[in-house]
Amino acid sequence: ILKDERLKQTEITNAAIEEYADNLVGEIKNYFRRTIYATAKYINALLLTESKILLNYNNTSNIIRLYENEKLAKVEQVK
């Protein structure tokens with residue numbers, strides 16, 4: 001797995017991510033939620049989450065709502 005070129009480590013934080021996350025402190029109180037959200041924005045990735053706080057955040061072009069069903073997990077892009 002480690003040699004698979006399709007996989008790569010995601011940088012969870014750097015100065016730009018921290019600055020972006022710090023600017024969200026008024027809207028998203030939890031540091032880890034802010035950092036995860038800021039990282040997804042920084043690397044332009046889709047963020048799969050069940051977090052109601054992140055799902056309700058209005059600036060969410062990259063968040064995917066994750067639903068759990070008995071036999072099926074489905075996703076829906078938050079608009």
Side-chain angles (χ1 to χ4, degrees):
I1 286 180
L2 294 175
K3 293 182 181 183
D4 190 331
E5 292 181 11
R6 295 173 296 168
L7 303 175
K8 64 179 181 174
Q9 286 185 316
T10 300
E11 185 176 17
I12 188 69
T13 191
N14 62 30
I17 292 170
E18 288 295 324
E19 182 177 354
Y20 190 88
D22 288 347
N23 290 329
L24 297 173
V25 75
E27 293 92 25
I28 303 171
K29 305 289 185 216
N30 181 282
Y31 170 78
F32 295 105
R33 284 190 181 113
R34 283 195 317 271
T35 302
I36 289 167
Y37 178 82
T39 301
K41 289 297 264 189
Y42 180 79
I43 64 173
N44 196 29
L46 293 176
L47 176 59
L48 294 167
T49 186
E50 292 179 333
S51 168
K52 289 182 170 76
I53 292 168
L54 292 179
L55 291 169
N56 290 328
Y57 182 57
N58 289 331
N59 190 11
T60 55
S61 61
N62 70 325
I63 292 188
I64 300 289
R65 180 177 287 126
L66 178 63
Y67 292 99
E68 284 298 330
N69 194 327
E70 295 166 359
K71 297 181 181 177
L72 174 71
K74 58 182 179 176
V75 295
E76 171 186 301
Q77 187 154 7
V78 175
K79 299 192 180 6

State the OH-CZ distance between Y31 and R33, to the nearest 0.5 angstrom.
14.5 Å

Partner set under side chain to side chain contact (heavy atoms under 4.5 Å, CB included) for E27, not counting sequence neighbours
L24, Y57

Should L54 and L47 count as side-chain neighbours, where that means a heavy-atom distance under 4.5 Å?
yes

What residues form a side chain to side chain contact (heavy atoms under 4.5 Å, CB included) with N23, not counting sequence neighbours?
E19

Who pairs with T35 by side chain to side chain donor-acceptor pair (under 3.5 Å), at least two apart in sequence or on another chain?
none

Mind checking who shares a hydrophobic cluster with V25, ILVMFWY linked at side-chain heavy-atom distances under 4.5 Å?
none

Linking I/L/V/M/F/W/Y whenever any side-chain heavy atoms sit under 4.5 Å apart, do I36 and I53 land together?
yes

How far does OG1 of T13 sit from OH of Y42, to the nearest 0.5 angstrom?
10.0 Å

What heavy-atom pair brings R34 and K29 nearest, and what distance separates the two atoms?
NH1-O, 2.6 Å

